[in-house]
Amino acid sequence: MVRPKRTVVKANEVNTRSKSAVSPAGVSKRKPATARKLTSNDTSNSAVVQKPTATSKKPIFDHWLMKSEPDSRYEKGVEMKFSIDDLIKEPKSTAHWDGVRNYEARNLLRDQMKLNQQAFFYHSNCKQPGIVGVMKIVKEGYPDHTQFNKSDPHYDASSLLDKPKWYMVDVKYVRKTKRLISLEELKKLHTEHKKSLPKGVLHDLSLFTRSRLSVQPLTKEQFDFILKLEHQDK
DNA sequence: GCCAACGTTGGC
DNA sequence: GCCAACGTTGGC
């Protein structure tokens, strides 16, 4: 599994409004992320995803961006790094994205991420933050076992076996992007897209509007737009 | 290493 | 349920 960069912190299920999450898939290790609340608000999901209706224009989020730290960092004595190369090295290049400890992210992992959907692998908290590859969801949300492991940095004593608080998905490596699509570049585009008259597709990219979320939702339009950048020289 | 943004905790 | 204090994320 991967590890997110953040730590565990057990979030309790209390905050309703929170939203962040992090965590990568994990293969070998995992890291946490945050998500939103749970128990109490299981029903209220984050509002991130909506269903299409003939009349509404709510965006459909069926693509993802998942953050992981490629550089070595220790949390409770456990190394948290998980780069795209680490994912590639996993058996079948597949990992669980464990360690997310944020309710909003948890809700995405548990409820919204579906089989075969694509996700960007994003390197964070490193020299060159940005998108480095593409992966796909190969197993939908299921309980993150690390919450029950006392020796795991993301152990959560408040989570019950029969009512797990935290979830993860499995992701499989698809390919690296032809080049790093940097945070800097995305930020520039985001700024332009906010200013342009009809706003551009990246005007509300969650990487900037919800920067601390470790698992972020994207529309197909956003995903495709960003992926096309790999063909530009930059 | 700093620090802004924002999530979490816990008293009241 | 509010909100101040505190903790974390993650870019810079």
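Chain A is the first sequence line, chain B the second, and so forth, proteins listed ahead of strands; every chain is numbered from 1.
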Every protein N/O within reach of nucleotides 1-4 of chain B N/O, cut-off under 3.5 Å:
none

Criterion side chain to side chain contact (heavy atoms under 4.5 Å, CB included) on A:F120 and A:V134, from CA distance to verdict:
CA-CA 5 Å; A:F120 285 130; A:V134 176; 4.3 Å; yes
Calculate the interatomic distance between A:L207 atom CG and C:dG11 atom P; express it in whole Å.
8 Å
How close or far is atom P of C:dG10 from atom CD of A:Q216, stated in whole angstroms?
9 Å
Is there a path of hydrophobic side-chain contacts, each under 4.5 Å between heavy atoms, that joins A:W166 and A:L160?
no
Would you give me the side-chain donor-acceptor pairs under 3.5 Å for residues 195-202 of chain A, sequence neighbours excluded?
{"unit_1": "A:S196", "atom_1": "OG", "unit_2": "A:H193", "atom_2": "O", "d": "3.4"}
{"unit_1": "A:S196", "atom_1": "OG", "unit_2": "A:P198", "atom_2": "O", "d": "2.8"}
{"unit_1": "A:S196", "atom_1": "OG", "unit_2": "A:G200", "atom_2": "N", "d": "3.3"}

Separation of C:dG10 atom C1' from A:E75 atom CD, nearest Å, is 14 Å
Contacts of type side chain to side chain donor-acceptor pair (under 3.5 Å), residue A:D204, not counting sequence neighbours:
A:Q222
I want to verify a distance call: between C:dG11, B:dA5, C:dG10, whose nearest atom is closest to the A:R212 side chain?
B:dA5
Rounded to whole angstroms, how far apart are CE on A:M80 and C1' on C:dT8?
14 Å
Measure CG/A:L213 against P/B:dC6 and give the value in whole Å, please.
11 Å
Which residues pass the salt bridge (charged side-chain N to carboxylate O under 4.0 Å, His left out) test with A:K178, sequence neighbours left out?
none
Which residues pass the side-chain contact (heavy atoms from CB on, under 4.5 Å) test with A:K92, not counting sequence neighbours?
A:T94, A:K172
Evaluate the side-chain hydrogen bond (donor to acceptor under 3.5 Å, both in side chains) criterion for residues A:Q147 and A:S159: first the C-alpha distance (whole Å), next the side-chain angles of each, then the deciding distance (0.1 Å), finally the verdict.
CA-CA 7 Å; A:Q147 67 197 301; A:S159 186; 2.6 Å; yes
Starting from C1' on C:dG11, measure out to CG on A:L180 and report it in whole angstrom.
14 Å
Rounded to whole angstrom units, what separation is found between the CG atom of A:L65 and the P atom of C:dG10?
11 Å
In whole angstrom, what separates A:M66's CE from C:dG10's P?
13 Å
Among the clusters formed by ILVMFWY side chains lying less than 4.5 Å apart, do A:V138 and A:M66 turn up in the same one?
no
Residues within residues 181-189 of chain A bordering DNA chain C, heavy-atom distance below 4.0 Å
A:L183, A:K187
Tested for side-chain contact (heavy atoms from CB on, under 4.5 Å) against A:V215, the lone hit among A:Q112, A:K67, A:M113 is A:M113
